[in-house]
4 protein chains.
Amino acid sequence: MLNKVILIGRLTRDPELRYTQSGVALATFTLAVDRPFTSNSGEREADFIRVVTWRKLAEVCANNLGKGRLVAVEGRIQVRSYQDQEGQNKIMTEVVGENVRFLDWPKDGQQNQQNQQNQQQGPGEQKSNDEPDWGQQVPPDDVPF
Amino acid sequence: MLNKVILIGRLTRDPELRYTQSGVALATFTLAVDRPFTSNSGEREADFIRVVTWRKLAEVCANNLGKGRLVAVEGRIQVRSYQDQEGQNKIMTEVVGENVRFLDWPKDGQQNQQNQQNQQQGPGEQKSNDEPDWGQQVPPDDVPF
Amino acid sequence: MLNKVILIGRLTRDPELRYTQSGVALATFTLAVDRPFTSNSGEREADFIRVVTWRKLAEVCANNLGKGRLVAVEGRIQVRSYQDQEGQNKIMTEVVGENVRFLDWPKDGQQNQQNQQNQQQGPGEQKSNDEPDWGQQVPPDDVPF
Amino acid sequence: MLNKVILIGRLTRDPELRYTQSGVALATFTLAVDRPFTSNSGEREADFIRVVTWRKLAEVCANNLGKGRLVAVEGRIQVRSYQDQEGQNKIMTEVVGENVRFLDWPKDGQQNQQNQQNQQQGPGEQKSNDEPDWGQQVPPDDVPF
DNA sequence: TTTT
DNA sequence: TTTT
C-alpha cells in the first residue's frame, strides 16, 4: 500500500539509455550508497542499487548524469521476474526512480562526452548481458513523466 | 549516503525466525505491497518484498506477526551477494527493517498458533531452499536493537 | 530540493472541506501521531500535525475519513505566512498531503454521518477561527490530483 | 505511529548552538528547500524549515556547517506549544534532525570562521528573539546521539 | 511461491 | 562489476 524509497549516492557508471519495443525511453544506472558506520572493518562499504527511470526523466538522466555524479532518487522498490538467456527464471529488484535531484555539478568536459555517448544509442538496441529484456518491458503508467 | 525505505503491506506468510552461528536472532518475511493504480489490467498487482529484522526486533516480529497482518516497515535496501547450493553466485536484495509498526490486530486464535510455531524453531536450523546461509551472516552493528 | 514527509496517525476530528475563491476544493485535518518511546512519563505522547489536501483527494478524504481513522499520509512540509484576524503576521506549518492511504475501516454508522456533514458545507464558507484565509489561498499546481 | 521527514536544502544562516539548563547541547538552523516547479511565477520559491539537532549531532552541525551549505536531514516533525515573551501561547513546528548528511564542502575560509563563532557561545546564553526558551526544553530521549 |  |  505504500512503497517509498529515498536514496542519495553516486553513479558507478554512466547511465544506459534504452527503448522498449513501443519506443518508450528508459535509463538504468547503479547507485553506490555508502553505509553510515563501517566501524569494524577499515574498508568503505556501500550498497550498489539499480535504478530505472522512464520517459522524459530517463532522457534527462542519460543526458546529464555520468559516472561519479551525486544524486538523490525518490522512487519505489520493484521486484520483477524474468527469464535470463538460458531460460532460467530470475528475480530482479530495482528502484523505479520517480524523481531525481542532481546534487553536484559535472567536472569539466565530462558533460559533453556524456551527451554524445548517450545520443549514439538508438531505440531497440540491447546490451547482451544477463538482464531482463527491456524491449519487452511495459512501462509503468502511474509515473507522471 | 542515504538509504531509506518505508513500506506498508501485508505478510504473505508467517515470519521465519533463525539464528546466526553466533546466536543472533533474525526474522525474515515477505511483504505484499499493493501498487496504487492497476487500472489497465483488472488484476490486483503487488510487489513482494523481502524484509529481514535482527535481534530483539526479530523476536518481536516472529512472536507477534503472522500471515496477512498489515505492517509498516522503515528500513534500508541491502544488496548482498552469496553462493547458492550449486555454488553459483547470486544476488539478494532485501529490506533491513529497523522499525516495524503493527497496523492491525490478529484474528482470533491466530496469535497463539503463531507463538508456538515460532518457538519450536531452534537456533542453527536452516530451511533448505535457495537462500543465503543465514548462519554465516554477520548482523549489522548499526541497528540499535 | 527534497521535501518528503510520511506520517501514520489518527484523525483528531472529522476533516473540514473548504473551497478557495476560485472554487478549488481543499480538506484539512489534524493527525495525532504517537511518539515511539514515551518511557519516562506514563502519559501517551503524540504530535498533532496539520494536513491539507487539494482537489479530488480533498473530496475523497472529506467523504471517507472521520475522527479516529488511521491513515498514512505522504506529502511535504509547507511553511506559509499569513495575517490573523487582528492583522498580526503569523506562520503556519502544515503537511501538504499528496497521497493518503486508509489503513482501517470506519465503525458502523460513522461513514454516513461523515458524508452528510461534509456535503452540507458549501463552497465559500469559512470557519471564523484563527486560520489563514483559505479563500485567498492559491492551490499548488504541482500536485497531480 | 510513524513520523518521518527527509529534507535536502541549504542553510539560510550559520547554525546556532545552545544548551539546556541541564547542559545538553542543541543546534538550530533553517533550511531553504526549493520547491520543484515554480513554473507560474518567475520567482524562486522555497520553504524555510526550522531544524533542531541535539547532543553530539548538534555539535557536529555547529562546528561544520554554515550559511549556504547543502545538507540532507532525516528526522521527524515536532509540534510544541510555548509562551512567547508577552506570555502568549504559541505553536512552533520544526523538524528534529536525527541524521544529517553533508552534501557539499565549505568554501575557502568559511570553515574556521564557523568554528570560532560557535565556540564563543557558551552554555546558558539565550538570544532574545521570539522563540521557545530552549533552556527549559527537555531533550528527546529517543534520539541516539 | 505469495497478502486483504 | 562498481562511486567520492
Side-chain angles (χ1 to χ4, degrees), chain A residues 1-3 7-16 28-36 38 43-51 61 65-73 79-81 89-94 102-107 110 114 127-131, chain B residues 1-3 7-16 28-36 38 43-51 65-73 79-81 89-91 93-94 102-107 110 114 127-131, chain C residues 70 72 101-105, chain D residues 70 72 101-105:
Chain A
M1 303 186 77
L2 184 75
N3 181 342
L7 304 175
I8 300 179
R10 293 186 183 276
L11 295 240
T12 61
R13 305 183 49 181
D14 292 345
E16 293 185 43
T28 54
F29 52 89
T30 296
L31 280 190
V33 181
D34 291 329
R35 294 186 184 156
T38 56
E43 299 170 59
R44 193 144 201 67
E45 280 179 274
D47 287 286
F48 295 94
I49 301 174
R50 276 177 55 94
V51 176
C61 289
L65 292 176
K67 177 176 177 177
R69 293 288 305 279
L70 183 68
V71 296
V73 173
V79 181
R80 288 182 298 128
S81 41
N89 280 324
K90 293 208 168 181
I91 276 181
M92 161 133 299
T93 304
E94 63 214 334
F102 306 163
L103 299 177
D104 62 4
W105 294 101
K107 294 176 197 127
Q110 197 177 12
Q114 207 49 39
K127 291 259 306 267
S128 72
N129 46 10
D130 185 17
E131 284 213 26
Chain B
M1 301 188 78
L2 184 74
N3 181 342
L7 303 175
I8 300 179
R10 294 188 183 275
L11 297 239
T12 61
R13 306 182 49 181
D14 292 346
E16 293 185 44
T28 55
F29 52 89
T30 295
L31 280 190
V33 181
D34 291 329
R35 294 185 185 159
T38 55
E43 300 169 59
R44 193 147 201 63
E45 282 179 273
D47 288 286
F48 296 95
I49 301 175
R50 278 176 55 93
V51 177
L65 292 176
K67 177 178 176 175
R69 293 288 305 280
L70 183 67
V71 297
V73 173
V79 181
R80 288 182 298 127
S81 41
N89 280 324
K90 291 207 170 180
I91 275 182
T93 303
E94 65 215 333
F102 306 163
L103 298 177
D104 61 4
W105 294 102
K107 295 174 195 129
Q110 196 178 13
Q114 207 48 41
K127 292 257 307 263
S128 71
N129 45 10
D130 185 18
E131 283 212 26
Chain C
L70 183 68
R101 300 270 164 182
F102 306 164
L103 299 176
D104 62 4
W105 294 100
Chain D
L70 183 68
R101 298 270 165 183
F102 305 164
L103 299 177
D104 62 3
W105 294 102

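To find a chain, count down the sequence lines: A is the first, B the second, and so on, and within it residues start at 1.
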Worksheet entry | Value in whole Å for how far the C1' atom of dT3(E) lies from CG of Leu2(A) | 16 Å
Worksheet item: Under the criteria of a ring-centre distance below 5.5 Å and an interplanar angle below 30°, is Phe48(A) stacked with the base of dT2(F)?
Response: yes
Item to complete: Round to the nearest Å and state the distance from Leu7(B) atom CG to dT2(E) atom P.
Response: 19 Å
Worksheet item: Could you state the CG-C1' distance from Leu70(A) to dT4(F), rounded to the nearest angstrom?
Response: 9 Å
Discussion item. Can you give me the closest heavy-atom contact between Val33(A) and Met1(B), atom names plus distance?
Written reply: CG1-N, 3.2 Å
Worksheet item: So which one's nearest nucleotide on DNA chain E is more toward 5', Arg10(B) or Arg50(B)?
Response: Arg50(B)
Practice prompt. Give the rounded distance in Å between these two atoms: CD1 of Ile91(A) and P of dT2(E).
Written response: 11 Å
Worksheet item: Is the shortest distance from a Lys or Arg side-chain nitrogen in Arg10(A) or Asp104(A) to a carboxylate oxygen in the other one below 4.0 Å?
Response: yes
Practice prompt. Return yes if the base of dT3(F) and the side-chain atoms of Asp34(A) contain a donor-acceptor N/O pair under 3.5 Å, otherwise no.
Written response: yes
Worksheet item: To the nearest Å, how far apart are Leu103(A) CG and dT3(F) C1'?
Response: 14 Å
Practice prompt. Tell me, please, which residues at least two apart from Thr28(B) pass side chain to side chain contact (heavy atoms under 4.5 Å, CB included).
Written response: Glu16(B), Arg18(B), Leu26(B), Arg50(B), Val52(B), Trp134(B)
Response to the item:
Arg13(B) CZ to dT3(E) C1', in whole Å, measures 12 Å
Item to complete: Report the distance from atom CZ of Arg35(A) to atom P of dT2(F), rounded to the nearest whole Å.
Response: 14 Å
Worksheet item: Separation of Glu94(B) atom CD from dT2(E) atom P, in whole Å?
Response: 20 Å
Worksheet, complete the sentence: Out of dT2(E), dT3(F), dT2(F), minimum distance to the side chain of Thr30(B) belongs to dT2(E)
Worksheet, complete the sentence: side chain to side chain contact (heavy atoms under 4.5 Å, CB included) filter on Thr93(A), not counting sequence neighbours, yields Ile77(A), Val79(A), Ile91(A), Thr93(B)
Worksheet item: Any idea which of dT3(E), dT4(E), dT2(E) is nearest the Lys107(B) side chain?
Response: dT4(E)
